A.B. asks: 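Below you will find the structure I want to go over with you.
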Protein chains: 4
Amino acid sequence: MTVGESYKDRKISVLKEPKQQRAKIKVAKVLDSAKRLLVFHGLEKLTTNHIAKDSGVSVGSIYQYFPNKQSIILKIYLDWLAEVKAEVIPFKEASLAMDASTLCKSLFRIIYADHIKNTQDQLLEKELTKAMRLFPELGEVEKQHSSEMIALMSDIIGNVLPEYSDEKSIQLAIFFYSLDSSIQQFIELGGDKKLAFDWYEKVVMETLNF
Amino acid sequence: MTVGESYKDRKISVLKEPKQQRAKIKVAKVLDSAKRLLVFHGLEKLTTNHIAKDSGVSVGSIYQYFPNKQSIILKIYLDWLAEVKAEVIPFKEASLAMDASTLCKSLFRIIYADHIKNTQDQLLEKELTKAMRLFPELGEVEKQHSSEMIALMSDIIGNVLPEYSDEKSIQLAIFFYSLDSSIQQFIELGGDKKLAFDWYEKVVMETLNF
Amino acid sequence: MTVGESYKDRKISVLKEPKQQRAKIKVAKVLDSAKRLLVFHGLEKLTTNHIAKDSGVSVGSIYQYFPNKQSIILKIYLDWLAEVKAEVIPFKEASLAMDASTLCKSLFRIIYADHIKNTQDQLLEKELTKAMRLFPELGEVEKQHSSEMIALMSDIIGNVLPEYSDEKSIQLAIFFYSLDSSIQQFIELGGDKKLAFDWYEKVVMETLNF
Amino acid sequence: MTVGESYKDRKISVLKEPKQQRAKIKVAKVLDSAKRLLVFHGLEKLTTNHIAKDSGVSVGSIYQYFPNKQSIILKIYLDWLAEVKAEVIPFKEASLAMDASTLCKSLFRIIYADHIKNTQDQLLEKELTKAMRLFPELGEVEKQHSSEMIALMSDIIGNVLPEYSDEKSIQLAIFFYSLDSSIQQFIELGGDKKLAFDWYEKVVMETLNF
DNA sequence: TATGAATGAGACTTCATTCAT
DNA sequence: AATGAATGAAGTCTCATTCAT
């Protein structure tokens, strides 16, 4: 690194860093507001003007960081999907060392636990689902995420049950992944959570022939 | 009844029928357009003006038959729910005479068959689900429908498996009813329909201890 | 009158009379409904469709008898103005025989009495005033009516007080005619009717130097 | 205050003022257009789109300053009422020092003068009266204003004529306040303004027994 | 002629996005 | 770069009037 470069770099950094910093803060404020509005007022009331007022970031600035309204929701959505994925990823490595039955149980518990989370997260998820259905772009993202999740899960299944063909692993992954919406609805319809836990776990274990 | 009266009656009928006929045709046109727009352009593009343009029925006429936009979606939704319910109702009576295992298999087959229907119906269903989440009124209707379906199914379960408590029948009904959304998603995600059939049937049968 | 003519006339009459009769009845129904709606729901809710439904006369028929909505209101308005005028006309003849003071008192009583009439008439008048201000055509009619009333009243004044110049009679007529809106508002504002009577009568009598 | 602060303050003011300035200008433009349309085309043509076109302010901007159409009319109405009230208020204090007869004459002159104003103002007042009758909200405002004006006037009467009971003062206030509409109509009907002045003044003075 | 279904201009309002400052 | 006022297309719905039957 030359002195010149270093100087230039430093100059850039002292000039840019604060800005990037501020930008990050603003972006965070916007996303926080958007989430809050989503949770407390629903997707219908999520207007850019509301976000601006709630976040204290001007509309103009919002459009500096996001090309349009949907991209704000998209960011929230992507973050959420990443969280979901992050919960499952560790199991991929673990699947090489753990025995099949134990891993499945833990994995199931993780997924199941998601449905007993706090109300705000639930509401956010619901509104995001709305958005996902309403904006085709988000729908695409959801598809992409599903693929990745299924790939991940079929890898795990492949690891713990090497006797299964790839195809069968994939189908099982789809099956388990799909089961999630069913659990969600079961609880929404006022089903008993204890029973849900037992039945769905049984479904999983038996489909895997444990 | 005199000949004259009979003639008059007939006359009235030919005078009245066309009006009702025309009205029915218009209503059908509106509903068809609404469905088409829903399927091909999504709920977002379902505006009264678009329906008017697409159906060839003027906005004014639309509002002669429907008090507001939502009521159009509501009608489509109700029709669809009625269809769904109509498929299950016959099983209630049958459940008194049939043996449990056979009945469950046929019932499952009916439900399952719904998911191999043509793409347009699937898309329509998807958009209706959107709408249901977006408009509180439809949400209410959906809740009501769910309750009825679950009551229906728990009655059937009560008939074929009298040894189960009412509570258990209800929970099972909720479980099976919820399973539906899972099947739907399984297929949407590109899951193998044959496998889906086997697995879900197995889930049903085993949860019932057959 | 020739036989031919007589026959023709009769034919026309037997063919036309019932129709004219029916027409009159329909027109009356329409006007009644319009008045009723005006009184009970206000000018804002006075739509041709409402009149049709309320009167039992179809929209189409209404447009057979009235060129447009305003003309319905116009008819009601004209009828009302005619009534008002009819109350004053007798005084013109009487003014030749009666003494000034007595006549003025009776005339004042008539006008004043109008403001103690039943609520429905009051409401109708209020709505008609609205309409008069809203539709320029009615405004014109009102102007015409005012002119006639003022001419009538200045004639009366001219008869009972021949010593006044025509110009002064006219100005007095305008003055008295204008006073009416004041009385109306006095009562609307919750003024004491007995006091109103005394004061306004005094104003009239003193302006005429009685 | 340091020079720096002062400078900053000034800077803030030059930064802020334009916005408030622009806003004020826009609001003024909107109100001016609304008045103009009211005067030249009547309440019927007073639509938000027309105001937008006429004022050169976009619909969106109009709705930035006014929550709905009626609030535009309300503003105009309130401004006008405030003007009217502002003219009378000074008389309340004056009424403690002035002799009754003089005060009444000046007060009358003020009120009377209002009716010799230019035609546009007269038309505007007329249209506002229309609006007041048409929109319940405005009606309420008018009622409130009437109450205040009558209270004000009865206070004045109470001050200059302490021998009158409160009740009599109120009734007189209502009487004088009502008289206004009569004067207005007198002039509208083409009555001679000089005569009007004399007669109405006489009515006032005599009712007060001067 | 009578009917009332059909029409569609136009009213009010919202909100994503732009742009002058 | 930041601001937030400004924009105007587009949405929902009404109602005077027409016109096919």
Side-chain angles (χ1 to χ4, degrees), chain A residues 18-19 22-23 26 44-53 56-72, chain B residues 14-16 18-23 25-27 44-53 56-70 72, chain C residues 18-19 22-23 26 44-53 56-72, chain D residues 14-16 18-23 25-27 44-53 56-70 72:
Chain A
K19 282 179 193 173
R22 257 197 290 159
K26 289 206 173 182
E44 306 80 71
K45 297 281 169 62
L46 190 76
T47 71
T48 48
N49 288 302
H50 284 164
I51 297 174
K53 198 147 279 175
V57 176
S58 67
V59 226
S61 289
I62 293 177
Y63 275 87
Q64 195 122 46
Y65 302 122
F66 298 94
N68 51 39
K69 194 180 89 165
Q70 289 159 46
S71 65
I72 301 172
Chain B
V14 290
L15 277 178
K16 257 193 180 166
K19 284 175 196 171
Q20 293 182 351
Q21 195 60 25
R22 251 198 297 161
I25 289 171
K26 289 233 162 175
V27 166
E44 315 79 76
K45 296 286 167 59
L46 191 74
T47 73
T48 47
N49 285 316
H50 285 164
I51 297 174
K53 201 150 277 178
V57 175
S58 66
V59 224
S61 288
I62 293 177
Y63 279 88
Q64 194 133 42
Y65 299 119
F66 298 94
N68 51 42
K69 196 181 89 165
Q70 288 162 48
I72 300 173
Chain C
K19 284 179 193 171
R22 257 197 289 159
K26 290 207 170 180
E44 305 78 74
K45 296 283 170 59
L46 189 76
T47 72
T48 47
N49 288 302
H50 283 163
I51 298 174
K53 199 148 276 174
V57 176
S58 66
V59 228
S61 290
I62 292 177
Y63 276 86
Q64 194 122 45
Y65 303 122
F66 298 94
N68 52 40
K69 195 180 90 165
Q70 290 160 45
S71 66
I72 301 172
Chain D
V14 291
L15 276 178
K16 256 193 179 168
K19 281 173 195 170
Q20 293 182 351
Q21 196 60 25
R22 251 199 296 161
I25 289 171
K26 289 233 164 177
V27 167
E44 315 79 75
K45 296 286 168 56
L46 191 75
T47 72
T48 48
N49 286 312
H50 285 163
I51 296 175
K53 201 151 279 177
V57 175
S58 68
V59 227
S61 287
I62 293 177
Y63 278 89
Q64 195 133 40
Y65 300 118
F66 298 94
N68 52 41
K69 195 181 89 166
Q70 287 162 46
I72 301 173

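Residue numbers begin at 1 in each chain, while the letters A, B, ... track the order of the sequences. In this text, all values refer to a predicted model and were calculated from it rather than measured experimentally. Below, all heavy atoms of this structure are taken into account, side chains as well, without hydrogens, waters or symmetry copies.
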A.B. asks: Does any non-hydrogen side-chain atom of A:Ile72 lie less than 4.5 Å from one of A:Tyr65?
C.D. replies: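 Contact flag for A:Tyr65/A:Ile72 side chains = no.
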
A.B. asks: Across nucleotides 11-18 of chain F, 5' to 3', mark each nucleotide with B, S or - according to how protein heavy atoms within less than 4.0 Å reach it.
C.D. replies: SBBBBBBB

A.B. asks: OG1/C:Thr47 to NZ/C:Lys69 distance, rounded to the nearest 0.5 angstrom?
C.D. replies: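 So the OG1 of C:Thr47 and the NZ of C:Lys69 are separated by 7.0 Å.
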
A.B. asks: Let me have DNA chain E in dot-bracket notation, would you? Count Watson-Crick plus G-U wobble pairs, both distances under 3.5 Å, and use [ ] for pairs crossing earlier ones and | for inter-strand partners.
C.D. replies: .||||||||||||||||||||

A.B. asks: Let me know the distance between CD1 of D:Ile62 and P of E:dC15, rounded to the nearest Å.
C.D. replies: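 From D:Ile62 CD1 to E:dC15 P: 18 Å.
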
A.B. asks: In whole angstroms, how far is the P atom of F:dT7 from the OH atom of D:Tyr65?
C.D. replies: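 From D:Tyr65 OH to F:dT7 P: 9 Å.
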
A.B. asks: If you check every side-chain atom of A:Gln64, which of E:dT1, E:dA6, F:dA2 has the closest atom?
C.D. replies: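 Ranking E:dT1, E:dA6, F:dA2 by closest atom to the A:Gln64 side chain puts F:dA2 first.
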
A.B. asks: Can you measure A:Lys53 atom NZ to F:dT3 atom C1' for me and round it to whole angstrom units?
C.D. replies: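 Whole-Å distance recorded here is 13 Å.
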
A.B. asks: Of all residues at least two apart in sequence or in a different chain, which pass the side chain to side chain contact (heavy atoms under 4.5 Å, CB included) check with D:Lys45?
C.D. replies: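 Partners of D:Lys45 under the side chain to side chain contact (heavy atoms under 4.5 Å, CB included) test: D:His41, D:His50.
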
A.B. asks: Can you check the B:Lys26 NZ to E:dG8 C1' distance for me, whole Å?
C.D. replies: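 Distance check: B:Lys26 NZ to E:dG8 C1' gives 12 Å.
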
A.B. asks: Please enumerate all residues that pass side chain to side chain donor-acceptor pair (under 3.5 Å) together with C:Ser61, with sequence neighbours excluded.
C.D. replies: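 Residues passing side chain to side chain donor-acceptor pair (under 3.5 Å) with C:Ser61: C:Ser58.
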
A.B. asks: Looking at residues at least two apart in the chain, or sitting in another chain, which of them share a side chain to side chain contact (heavy atoms under 4.5 Å, CB included) with B:Tyr63?
C.D. replies: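 Counting only residues at least two positions away or on another chain, B:Tyr63 forms a side chain to side chain contact (heavy atoms under 4.5 Å, CB included) with B:Thr48, B:Val59.
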
A.B. asks: Test of understanding: with side chain to side chain donor-acceptor pair (under 3.5 Å), list the residues that count as partners of C:Glu44, not counting sequence neighbours.
C.D. replies: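 Partners of C:Glu44 under the side chain to side chain donor-acceptor pair (under 3.5 Å) test: C:Lys130.
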
A.B. asks: Counting only side-chain N and O atoms of D:Ser58, is one of them less than 4.0 Å from OP1 or OP2 of F:dT7?
C.D. replies: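 For D:Ser58, the contact criterion (side-chain N or O under 4.0 Å from OP1 or OP2 of F:dT7) is met.
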
A.B. asks: Just verifying a value: how many Å separate C:Gln70 CD and C:Leu46 CG, rounded to the nearest 0.5 Å?
C.D. replies: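 The CD atom of C:Gln70 sits 11.0 Å away from the CG atom of C:Leu46.
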
